Protein chains: 2
Amino acid sequence: MTTTRRPTRQQSAVIDALGSTQDFTSAQDLHAQLRESGEKVGLATVYRTLSTLADSGDVDVLRTGEGEAVYRKCSTGHHHHLLCRVCGRTVEVEGPTVERWTDAVAAEHGFTDVAHTLEIVGTCSSCH
Amino acid sequence: MTTTRRPTRQQSAVIDALGSTQDFTSAQDLHAQLRESGEKVGLATVYRTLSTLADSGDVDVLRTGEGEAVYRKCSTGHHHHLLCRVCGRTVEVEGPTVERWTDAVAAEHGFTDVAHTLEIVGTCSSCH
DNA sequence: CAGGAGATTGATAATGATTGTCAAAACATG
DNA sequence: CATGTTTTGACAATCATTATCAATCTCCTG
Ligand SMILES: [Zn+2]
Ligand SMILES: [Zn+2]
Ligand SMILES: [Zn+2]
Ligand SMILES: [Zn+2]
């Protein structure tokens, strides 16, 4: 919401494209989709917009096994992802258990200002 | 059948270099270290060796924020890492709590063959 | 020991995602 | 409209990683 950035047609197009899918999508794929749907948006702008959105926490970003950055528009708030390795379907999950555990184990070793990343990958019931 | 290993001087050098540090190290850095210490090992071989070791589970691999792959020789068995964002010190952590939680939440959504990745980053007591 | 099949190496080229450049276009304001 | 600011986008540059492929090394057999 609070954007220091000036809203433009291109940025809206990127955000809409992101919102049109439940899957994590790469900047390259988003750019291809935009071109295909007739939207004229430069690749650099796609990268810039996604990077800004990720920094502000408005989209989640994670790295594919090959190191490619993929983005997804998620619900607000801290959560994690359950990802199907076959079809790419994503489920957001959360809970205090893992949050408490990471905080406890970090404190136990004298670490402060802790953050964590957690991703779960499996095969969903439809793809089993 | 396709898994044929042949021990070589170069692979030993890479493994020794990995074992000489507690930090996660990139292939590029390892290659530079090897050259500096007089070992003649090609960059491609460093990448190949690390990739093989990671596939067999003999080393842990994770991605830096910039997407660079970093490797570390760890104790055997499933565990996670507590990483200092300042000095890079790494502590291996484990525990049944997070394992149970991920399995439970995956089963709850009908996912099978689940695996997970979890990394904790913070500032260690020495760097506070 | 010699020879050959097959595995390994490494210099180099190729790939591919991401970032940098910077002039042109879009925008705001007065 | 004039002017300063922000954003865009085509293109070049970067940089980690992978593909090539001839040369080299290992192991096995006779
Ligand atoms: Zn699925
Ligand atoms: Zn969490
Ligand atoms: Zn530290
Ligand atoms: Zn675990």
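Numbers restart at 1 for each chain; the letters A, B, ... are given by sequence-line order, proteins then strands. All figures in this text were calculated on a predicted structure; none of them were measured in a lab.
- The interatomic distance linking Asp29(B) (CG) with dA16(D) (P) rounds to 9 Å, in whole Å.
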Per-nucleotide pairing state of DNA chain D [Watson-Crick or G-U, under 3.5 Å; [ ] pseudoknot-crossing; | other strand] | ||||||||||||||||||||||||||||||
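- Hydrophobic side-chain contacts under 4.5 Å tie Leu43(A) into a cluster, directly or through other members, with Tyr47(A).
- Listed by chain and residue number, Arg72(A) satisfy the salt bridge (charged side-chain N to carboxylate O under 4.0 Å, His left out) test with Glu92(A) (two or more places apart in sequence, or in another chain).
- No donor-acceptor pair under 3.5 Å is formed between the side chain of His80(A) and the backbone N or O of Thr117(A).
- Within the structure, a side-chain polar atom (N or O) of Tyr47(A) is placed less than 4.0 Å from OP1 or OP2 of dT18(C).
- Val121(B) belongs to no hydrophobic cluster with other residues, because no ILVMFWY side-chain heavy atom falls under 4.5 Å from its own, directly or through intermediates.
- Remark: Ser20(B) pairs with no residue by the side-chain contact (heavy atoms from CB on, under 4.5 Å) rule, at least two apart or across chains.
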Distance-only check: which donor-acceptor pairs under 3.5 Å involve side-chain atoms of residues 60-69 of chain A, not counting sequence neighbours?
from     : atom 1 : to       : atom 2 : distance (Å)
Asp60(A) : OD2    : His79(A) : NE2    : 3.1
Asp60(A) : OD2    : His81(A) : NE2    : 3.4
Arg63(A) : NH1    : Gly67(A) : O      : 3.0
Arg63(A) : NH2    : Gly65(B) : O      : 3.0
Glu68(A) : OE2    : Ser26(A) : OG     : 3.4

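- Every pair passing side chain to side chain donor-acceptor pair (under 3.5 Å) that includes a residue from residues 36-45 of chain B is listed here, sequence neighbours excluded: Thr45(B)-Arg48(B).
- Of the residues in residues 59-73 of chain B, none lies under 4.0 Å from DNA chain C by heavy-atom distance.
- Under the side chain to side chain donor-acceptor pair (under 3.5 Å) criterion, His128(B) pairs with Thr112(A), sequence neighbours left out.
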Please tabulate, one pair per line, each protein N/O and nucleotide N/O from nucleotides 9-12 of chain D that are separated by under 3.5 Å, including the distance.
from   : atom 1 : to       : atom 2 : distance (Å)
dG9(D) : OP1    : Gln10(A) : NE2    : 3.2
dG9(D) : OP1    : Lys40(A) : O      : 3.2
dG9(D) : OP2    : Gly42(A) : N      : 2.9
dG9(D) : OP2    : Thr45(A) : OG1    : 3.0
dG9(D) : N7     : Arg48(A) : NH2    : 2.7
dG9(D) : O6     : Arg48(A) : NH1    : 3.2

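- Under the rule for a side-chain contact (heavy atoms from CB on, under 4.5 Å), the partners of Leu83(A) that lie at least two apart in sequence or sit in another chain are Thr90(A).
- Within the structure, every side-chain polar atom (N or O) of Thr8(B) is placed at least 4.0 Å from both OP1 and OP2 of dA7(C).
- Atom pair Leu30(B):CG and dA16(D):C1' shows a separation of 14 Å (rounding to whole Å applied).
- Between the CD atom of Gln28(B) and the P atom of dG10(C) there is a distance of 15 Å, given to the nearest Å.
- Counting to the nearest Å, the P atom of dT18(C) and the CG atom of Asp55(A) are 14 Å from each other.
- With Thr49(B) contributing its side chain and Val46(B) its backbone, the two residues share no donor-acceptor pair below 3.5 Å.
- With sequence neighbours left out, Asp23(A) forms a side-chain contact (heavy atoms from CB on, under 4.5 Å) with Thr21(A).
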